[in-house]
Amino acid sequence: MSGRKLIQIDQSEWHRLQHRARQLQAVKRDVPRLINDVRKQTRADVDRAFSRVQAQQRRQDEAIGRLSDQARQMEAETTRKLREQAERLHQDLRETAGRIEQHTRERLDEQRRETERALAAERAERRAETARLAHEVDVLKTDRAHAEDTVRTWLADADTMAELIDGTLPHDRYASGRLDGVRRRVATARGTAGQGRFDAALAVAQEAFHELSDLRVEIEQREFERCLAQQKAVEALVQVRSLAEDNRHRPVVGPDGRPVPGYSLDVVHWSEGEFDQVLSDTAGALARARDPHTDVTELDALLDEEAPRLERVLSEVVEKAGMRQLASQLRVDLADIVARALHDIAYYDLVEEESGYAADDFRGAFHARLRNTASGNEIRIEIAQADKDSEHSVIRVESSDHDITAEAELRSRADAVYEALREQGVPLGVEPAPPVPVPGQDPNGSDEWRPAWPAGQPGRAGHQPPTS
């Protein structure tokens, strides 16, 4: 005679587990070590970003050295201010790496605005000087050779400045099409000069040069802004990655909310790939943040949206891993209660070598085989969650009797298990299932109840499961 009963553990016990696991949700932060790790990695990223800026500035110096004396003097002050701004921003970002706060960002923004105001004033002064020189056009009209040389000098300077921008600055990213537009005007001025109209050509050439100078400053400023946005995004994502690494292993929390000595939670194992997915997503976001082609809009999104999302997911993964481990222990505890109840009422003893977790995986169902030595009858117990991460756990009790056992006796056993669980404070409900035939002389005749552990390995209800 054979039969199976399902005893479903209701939500209250699961909520108790959730309360314990939720203690893990706030990811562990080893603050001093975390800050040092983030600072070290962020500084390396800052240095890489500004090494590119410095390489650009060196190439610009070479191009500016090819300008005429007059144009080179006009660009000297702009070059100095841009270099000072880059050096100051580089130093500030290195010093604040790992601890950028709102007041720090505000200070950096104010420094940027001060530099922009100084550059704007300097460019206005240059334009005024150019306007003064334009009055020399009347003199140039009487000296065609001098007029032609002056125009050609301005045209050459405009060409050099255009090459500087084209070869050293990301103008397509920040000012798409503007460089080509200025170059067309320079070509027009060159054609006008070829017709001998030097006064008209000079005005266009000078204005083109100044517009190119302004474009250079604008692109540099936008690139500095991108460096700042990049540093903030990289820092936030490095922090997520460091938090993840810090939380690979967590203490096992006991019923009193305190860590259980000698045990730890292997988050990677219990998360079943979810922790690795967080690391993969963080690595992908970090690669985008470090990419010199990533624009400010995407960098801001990585900082304001992606990094907080990844940290939330990390917290959820840590919490779920803890809950799964606690649920695993609950399955062992429930098996122990059932085994003791069946021993007390019907003299069934646990067959240790044939009891344990399915497939030797502590994340799966727990199986126990009990045997009555006198009659040879067996009972198999399976404790599993109804579904993955479900609020419900299910106990399946299956009898396989060599003799004829009345249905009333089977129900009596199930009722005894029910009462034993309730006496232990486990809230539950009983759901009967139809009888399942199991060959009486073949203890392995049911695939569902094949031994979970090979003979000779320990399997004992009530033990603390390993953490991985």
Side-chain angles (χ1 to χ4, degrees), residues 1-18 323-352 354-359 361-372 377-401 405 407-438 443 446-453 459-465:
M1 185 76 178
S2 301
R4 178 193 294 166
K5 293 290 181 286
L6 302 184
I7 301 177
Q8 182 168 286
I9 311 302
D10 73 12
Q11 295 182 5
S12 299
E13 185 67 12
W14 186 252
H15 291 165
R16 182 183 67 82
L17 287 180
Q18 284 183 313
M323 193 178 302
R324 289 168 184 168
Q325 187 193 48
L326 290 170
S328 176
Q329 178 60 42
L330 174 63
R331 293 194 286 275
V332 184
D333 294 343
L334 293 175
D336 186 63
I337 294 172
V338 174
R340 283 189 279 109
L342 291 171
H343 175 78
D344 291 344
I345 65 170
Y347 307 105
Y348 279 83
D349 295 316
L350 183 70
V351 182
E352 293 191 4
E354 297 181 9
S355 302
Y357 290 92
D361 187 342
F362 294 90
R363 297 168 297 186
F366 187 87
H367 290 188
R369 183 188 293 268
L370 296 93
R371 183 177 296 135
N372 184 302
N377 293 338
E378 292 187 349
I379 295 177
R380 290 96 172 175
I381 304 167
E382 180 193 57
I383 298 94
Q385 285 177 272
D387 296 294
K388 184 178 177 64
D389 295 326
S390 169
E391 294 181 341
H392 300 281
S393 292
V394 174
I395 300 176
R396 295 181 176 89
V397 181
E398 183 180 275
S399 299
S400 176
D401 297 337
T405 303
E407 178 66 24
E409 183 174 341
L410 295 175
R411 180 167 294 279
S412 175
R413 292 176 188 171
D415 290 344
V417 170
Y418 176 87
E419 291 299 329
L421 290 167
R422 191 165 60 177
E423 287 174 5
Q424 292 293 323
V426 179
L428 42 75
V430 175
E431 178 186 336
V436 177
V438 179
S446 170
D447 288 339
E448 183 176 358
W449 292 104
R450 222 163 255 172
W453 285 0
R460 177 169 58 86
H463 70 83
Q464 172 69 38

**Asked** Do Tyr348 and Asn377 have side chains that get closer than 4.5 Å, going by heavy atoms?
**Response** yes
**Item:** Euclidean distance, Arg371 CZ relative to Arg380 CZ, rounded to 0.5 Å
**Value:** 8.5 Å
**Asked** How many angstroms lie between CZ in Phe366 and CG in Leu330, if you round to the nearest 0.5 Å?
**Response** 12.0 Å
**Message:** Set out, in order, the CA-CA distance, both residues' side-chain angles and the distance that settles salt bridge (charged side-chain N to carboxylate O under 4.0 Å, His left out) for Arg340 and Asp344, then state yes or no.
**Reply:** CA-CA 6 Å; Arg340 283 189 279 109; Asp344 291 344; over 6 Å; no
**Message:** For a quick test of reading the model, state the closest non-hydrogen atom pair linking Tyr357 to Gly364 and the distance between them.
**Reply:** CD2-O, 3.8 Å
**Asked** Got a second to check how far Gln325's CD is from Met323's CE, nearest 0.5 Å?
**Response** 12.5 Å
**Results of side chain to side chain contact (heavy atoms under 4.5 Å, CB included) for Ala365 - residues two or more places apart only** = His367, Glu382, Ala384
**Request:** Could you tell me which non-hydrogen atom of Ala368 sits nearest to which non-hydrogen atom of Leu350, and how far apart they are?
**Result:** CB-CD1, 3.8 Å
**Request:** Would you check if Arg324 and Arg363 make a side-chain contact, meaning some heavy-atom pair closer than 4.5 Å?
**Result:** no
**Request:** Could you check if a side-chain atom of Val338 sits within less than 4.5 angstrom of a side-chain atom of Ile379, using non-hydrogen atoms only?
**Result:** no
**Complete:** Residues at least two apart in sequence or cross-chain that pass side chain to side chain donor-acceptor pair (under 3.5 Å) with Asp349, listed by chain then number, are His343
**Nearest heavy atoms of Ala335 and Ile383, plus distance in Å** = CB-CD1, 3.4 Å
**Prompt:** Given Glu398 and Arg396, is the salt bridge (charged side-chain N to carboxylate O under 4.0 Å, His left out) satisfied, shown in steps?
**Reply:** CA-CA 6 Å; Glu398 183 180 275; Arg396 295 181 176 89; over 6 Å; no
